[in-house]
Amino acid sequence: MTIRTRFAPSPTGFLHIGGARTALYCYLEARRRGGEFILRIEDTDQERSTQVSIDAILDAMEWLGLDYDEGPFYQSQRIHRYRHAAEELVQSGHAYRCWCSKERLDSMREAQMAAGEKPRYDGRCREHPEAIAGVTPVIRFRNPQAGVVVFNDKVRGRIEIANAEMDDLILWRSDDFPTYNFAVVIDDIDMRITDVIRGEDHINNTPRQINIYHALGATPPSFAHLPMIHGADGAKLSKRHGAVNVMQYRDDGYLPHALLNYIARLGWSHGDQEIFSREELRTLFKVDDVNRAPSRFDFDKLAWLNQHYLKTDPPESVAAHLLWQLRELDFDLARGPAPVDVVVALRDRVKTLKEMAERARIWYLDLEGFEPAAAARHLVAAAVPGLQSARGQLAAIAPAQWSSTTVDVALHAAAESLGLALGKVAQPLRVAMTGTQVSPSIEHTVFLVGQTRALERIDQALAHISAVPA
RNA sequence: GCUCCCAUCGUCUAGCGGUCCAGGACGUCGCCCUCUCACGGCGAAAACAGGGGUUCAAUUCCCCUUGGGAGUACCA
């Protein structure tokens, strides 16, 4: 039998981190076992589902590279199928119509809570069905009243819940739509899902669903319930913890595979290994190895992983992602260095692509003057010989030979000719090139400014020095 | 309230009865390298929630307490 997993988000918002991890685990489990991964949009809530959300989820899946073999399927297009199935259950006696009003249900629930009981449907229409004119009935599942439902959760082990704890849930609403617990079961049966992997918030639904499987004469799939992901403070992940929306991570400058690696490792491990390529994940990930405890999202570790990939990925591939950020900042790419050279100069110094793009400003835009503190310290009379010597050496490089290597040679020659340590020349030059005291190594900084502009900026620095009263 | 789930360094985790005065990683703190900032290298501090059992032996098994979380909808 072919293994089939599915990711089934409801389109009531963007794809968040927890959902992304669920999708990833479903995808990986299917891949490892040579199975199929299906995407299904659970849009039976007419009130809250939106097309914007559907698009957002699809975009995020694509950005993460979680490709699905089938779908997306939409529950809203399968309504007739659910209606048919509900009717069958009524015929077979596994379900019944219920005319109880919401008002009666609400007040009953309130009374039960007040009495310290578990709120539940009292079964009036189960025992004494009585049609009420003008009221559209719902269809309720006739849940077994005795015995226990036991299932073996792939991550939690044996879970047991007594049928006495469950009441008769609604399968079919009066607005002529199915409820979640009913639609999932029908879909998972129809789509031949063998492994249901979902968030732990569904544990309590599972025994009810298993009962529905049995009523339908179907065999339940295997289940795996994943722990939740919390914010750094242990509370539910929310905006104030940083990004919840997966696409926010692209905007913030993270590589998709860095996020994937981080998220895979959050709640799952393979010995002491921290770095996993997508291919490794596809062969190593086992949902059975997922941890049971909830975990907290650690932005520092994500940042570390992101930088790891910035440093070790081929510069060309990083450059492709950097390009997106550069365009966001509206830089004129024709007026600056090739993005791949920017990657090489900055990848050891930044955690994100966004930071990289912002720091590349000095190579794409004109300087906005020298920082007062930097100028006061380095653009002084004593720096003039070094700057002039550097200017001479840099000017002597044939334009076609201009590279970080030839710049490096030129600057060492400039320092040596004056008997100075490289630092004595490099720091004033750095201020001349960037207006600040911090930048990548001096040869890259100068190289990326470009020969013509580099000479201009040295001249500006020299002019600045002579303009300041000694 | 009731039901279910969870519990190793600040964080992510290894551990599946003796190999653990508990290992790795991020972060933190030192030192080294160095043209700034970083990268890198080396090193340090840092945890089995508490209490009962079971056992010759518990971080590992069971129970309770405490503390988290989820569910309890004509939401998913």
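Here the structure is a predicted model, which means the values were calculated and not measured. Every chain is numbered from 1 and lettered A, B, ... according to where its sequence line falls, protein lines coming before strand lines.
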Please measure how far the [atom1] atom in [N] lies from the corresponding atom in [M], and state the result in whole Å.
N      : M      : atom1 : answer
C33(B) : G41(B) : P     : 16 Å
C16(B) : U8(B)  : C1'   : 14 Å
A47(B) : G69(B) : P     : 25 Å

For [range], just jot down a letter per nucleotide in 5' to 3' order: B, S or -, based on protein non-hydrogen atoms under 4.0 Å.
range                        : value
nucleotides 14-19 of chain B : S-----
nucleotides 33-50 of chain B : --BBBBSS----------
nucleotides 69-76 of chain B : SBSSSBBB

Pairs in or reaching into residues 96-138 of chain A: which pass ring-ring contact (aromatic ring centres under 6.0 Å, His included), with residues at least two apart or in two chains?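 Passing the test, one end in residues 96-138 of chain A: no pairs.
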
For [X], which residues count as a ring pair (Phe, Tyr, Trp, His ring centres under 6.0 Å) partner, sequence neighbours excluded?
X         : value
Phe177(A) : none
Phe223(A) : Phe151(A)
Phe73(A)  : none
Tyr254(A) : Tyr249(A)

Give one of base, sugar-phosphate or nothing for Glu165(A), where a contact means two heavy atoms less than 4.0 Å apart.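 The answer is sugar-phosphate, as Glu165(A) gets under 4.0 Å only of primed atoms, P, OP1 or OP2.
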
Under 3.5 Å between N/O atoms: give me all the protein pairs with nucleotides 9-11 of chain B, atom names plus distance.
none

N/O donor-acceptor pairs under 3.5 Å from side chains in residues 264-271 of chain A, not counting sequence neighbours:
{"unit_1": "Arg265(A)", "atom_1": "NE", "unit_2": "Gln273(A)", "atom_2": "O", "d": "3.2"}

Not counting sequence neighbours, list each pair that qualifies as a side chain to side chain donor-acceptor pair (under 3.5 Å) and has a residue in residues 169-179 of chain A.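 Checked against side chain to side chain donor-acceptor pair (under 3.5 Å) - neighbours excluded - the pairs reaching residues 169-179 of chain A are Arg83(A)-Asp176(A), Trp172(A)-Asp176(A), Arg173(A)-Asp175(A).
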
N/O donor-acceptor pair, side chain Glu117(A) with base G1(B), under 3.5 angstrom: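 No pair found.
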
Identify every side-chain donor-acceptor pair in residues 130-145 of chain A under 3.5 Å, counting partners at least two apart or on other chains, and give the distances.
{"unit_1": "Arg140(A)", "atom_1": "NH1", "unit_2": "Asp168(A)", "atom_2": "O", "d": "2.6"}
{"unit_1": "Arg142(A)", "atom_1": "NE", "unit_2": "Gly93(A)", "atom_2": "O", "d": "2.8"}
{"unit_1": "Asn143(A)", "atom_1": "OD1", "unit_2": "Asn211(A)", "atom_2": "ND2", "d": "2.9"}
{"unit_1": "Asn143(A)", "atom_1": "ND2", "unit_2": "Asn163(A)", "atom_2": "OD1", "d": "3.4"}

